[in-house]
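For reference, positions follow the sequence shown, starting with 1. Only this structure's heavy atoms are used, side chains among them; waters, hydrogens and symmetry mates stay out.
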Amino acid sequence: MLKDGTLRCWGGNYSGQLGYGDTENRGDEPGEMPPPPVDVGGPVAQVVISTDFDVTCALRTDGAVLCWGDSQSGSLGLGPVSDIGKNPGDMPPPLVPLAGPATAISFAALSGCALLATGELQCWGSNGHGAVGVAGMSTVWTPTIVDVGGPVLHLDSGNSHRCAALADGTLRCWGGNVFGRLGLGHEMSIGDDESPASVGPVPY
């Protein structure tokens, strides 16, 4: 991402995650750099990449979120669709259907979250180990409000878990909990059968 909001991508492109309407890698042949701008319909404020699963998401300066690449398990937030970005005419992709403008995005593995200007959190994708935080669902096809206990200021994602810093100063974590990475004094996953808010804050 350049200072003017232009997005340029290179590397592997098996699922169209570079957003150029094909599956050709960029940067491995002479003359391919710099690559052309990726068409996302406007200047970009933030971009996140899930390299293991070939997904790219961008937050535009107008608060819109767009995702392209590997579509498995609802990773693009658009429902059960085909991969986006590897065919002519795919870009810019459809907007992720959020309840309002976003101020930040976070993505890991096959699930993503958008932090809305209201402080609400909407997440989508694979809920393996509870990474999305929507109880009773293995796949969350479109963005769903996640109950974390209050307005969120900051969000970050690991491979199978997430943590959110709330406006009241508390920290909530959910998802996979191997080695106690959620900081809750056990190794049980959170978010697969309960809301992140229901287990209380991380004591720190």
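- Transitive grouping of hydrophobic side chains (ILVMFWY, heavy atoms separated by less than 4.5 Å) brings Val47 and Val96 into a common cluster.
- Two residues are said to be in side-chain contact when any heavy atoms from C-beta on lie closer than 4.5 Å; Trp174 and His161 fail this criterion.
- Both Tyr204 and Val148 are part of a single hydrophobic cluster, where members link through side-chain heavy atoms under 4.5 Å apart.
- Although no hydrogens or angles enter the test, the distance criterion places a donor-acceptor pair under 3.5 Å between the side chain of Glu32 and the main chain of Gly27.
- In this structure the side chain of Val132 never reaches within 4.5 angstrom of the side chain of Met137, judged on heavy atoms.
- In this structure, the side chain of Arg8 does not engage the main chain of Val38 through any donor-acceptor pair within 3.5 Å.
- Considering every non-hydrogen atom in both Pro201 and Thr170, the closest pair reads CB-CB, 3.8 Å.
- When side chains are defined from C-beta on, Ser160 counts as touching Arg181, because their heavy atoms get closer than 4.5 Å.
- Under the 4.5 Å side-chain heavy-atom criterion for ILVMFWY residues, a single connected hydrophobic cluster contains both Val140 and Leu121.
- For the residue pair Ser126 and Ser73, no side-chain donor N or O sits within less than 3.5 Å of a side-chain acceptor on the partner.
- Proximity of a side-chain donor or acceptor of Gln46 to a complementary backbone N or O of Ile105 within less than 3.5 Å is detected.
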Between Ile49 and Phe107, does the side chain to side chain contact (heavy atoms under 4.5 Å, CB included) criterion hold? Intermediate values first, please. CA-CA 7 Å; Ile49 301 170; Phe107 201 96; over 6 Å; no

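- Residue Val81 comes nearest to Ser71 through the heavy atom pair O-OG, 2.8 Å, listed as atom of the first residue, atom of the second, then distance.
- With a 4.5 Å cut-off on side-chain heavy atoms, Pro37 and Leu2 do not count as touching.
- Closest approach of Pro97 to Pro143, counting heavy atoms only: O-CG, 3.7 Å.
- A donor-acceptor pair under 3.5 Å is formed between the side chain of Ser50 and the backbone N or O of Ala109.
- Between atom NE2 of residue His186 and atom CG of residue Leu182 there is a gap of 7.0 Å, rounded to the nearest 0.5 Å.
- Looking only at side-chain heavy atoms (C-beta outward), Val40 and Trp68 come within less than 4.5 Å of each other.
- Between Ser82 atom OG and Asp70 atom CG the span is 11.0 Å, to the nearest 0.5 Å.
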Check against side chain to side chain contact (heavy atoms under 4.5 Å, CB included), Leu78 and Ile84: CA-CA 10 Å; Leu78 300 171; Ile84 292 177; 3.5 Å; yes

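- Note that CG of Leu18 is 13.0 Å distant from NZ of Lys86, once rounded to the nearest 0.5 Å.
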Give the C-alpha distance, both sets of side-chain angles, the deciding distance and a yes or no for side chain to side chain contact (heavy atoms under 4.5 Å, CB included) between Val55 and Leu76. CA-CA 8 Å; Val55 178; Leu76 304 185; 4.0 Å; yes

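- A salt bridge links Asp22 with Arg26: the closest approach of a Lys/Arg side-chain nitrogen to an acidic carboxylate oxygen falls below 4.0 angstrom.
- The CG atom of Asp156 sits 10.0 Å away from atom SG of Cys173, with the distance rounded to the nearest 0.5 Å.
- At least one side-chain heavy atom of Val199 sits under 4.5 Å from a side-chain heavy atom of Glu194.
- The heavy-atom pair separating Pro196 from Gly133 by the smallest distance is CD-O, 3.5 Å.
- Listed for the Asn127 side chain is a donor-acceptor partner under 3.5 Å among the backbone atoms of Val134.
- Grouping the Ile, Leu, Val, Met, Phe, Trp and Tyr side chains by contacts below 4.5 angstrom, directly or via other members, places Leu98 with Val48.
- Judged purely by atom type and a 3.5 angstrom limit, Tyr20 has no side-chain atom pairing as donor or acceptor with the backbone of Met91.
- Using a 4.5 Å heavy-atom cutoff, the side chains of Leu116 and Gln122 are in contact.
- In this structure, the separation between OG1 on Thr23 and CG on Asn13 is 6.5 Å, given to the nearest 0.5 Å.
- Glu187 places no side-chain N or O within donor-acceptor distance of the main-chain N or O of Val178, the cut-off being under 3.5 Å.
- Here the shortest heavy-atom pairing between Val202 and Gly183 reads CG1-O, 3.6 Å.
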Starting from the C-alpha separation in whole Å, work towards a yes-or-no answer on side chain to side chain contact (heavy atoms under 4.5 Å, CB included) for Leu66 and Leu95. CA-CA 5 Å; Leu66 310 89; Leu95 302 184; 3.8 Å; yes

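- Both Val152 and Leu171 belong to a common hydrophobic cluster when Ile, Leu, Val, Met, Phe, Trp and Tyr are linked at side-chain heavy-atom distances under 4.5 angstrom.
- Contact check for Leu155 versus Cys163: no side-chain heavy atoms found under the 4.5 Å cut-off.
- Counting all heavy atoms, side chain and backbone alike, Thr142 lies closest to Gly79 at CG2-N, 3.9 Å.
- To the nearest 0.5 Å, atoms OG (Ser75) and CG (Asp83) are separated by 8.0 Å.
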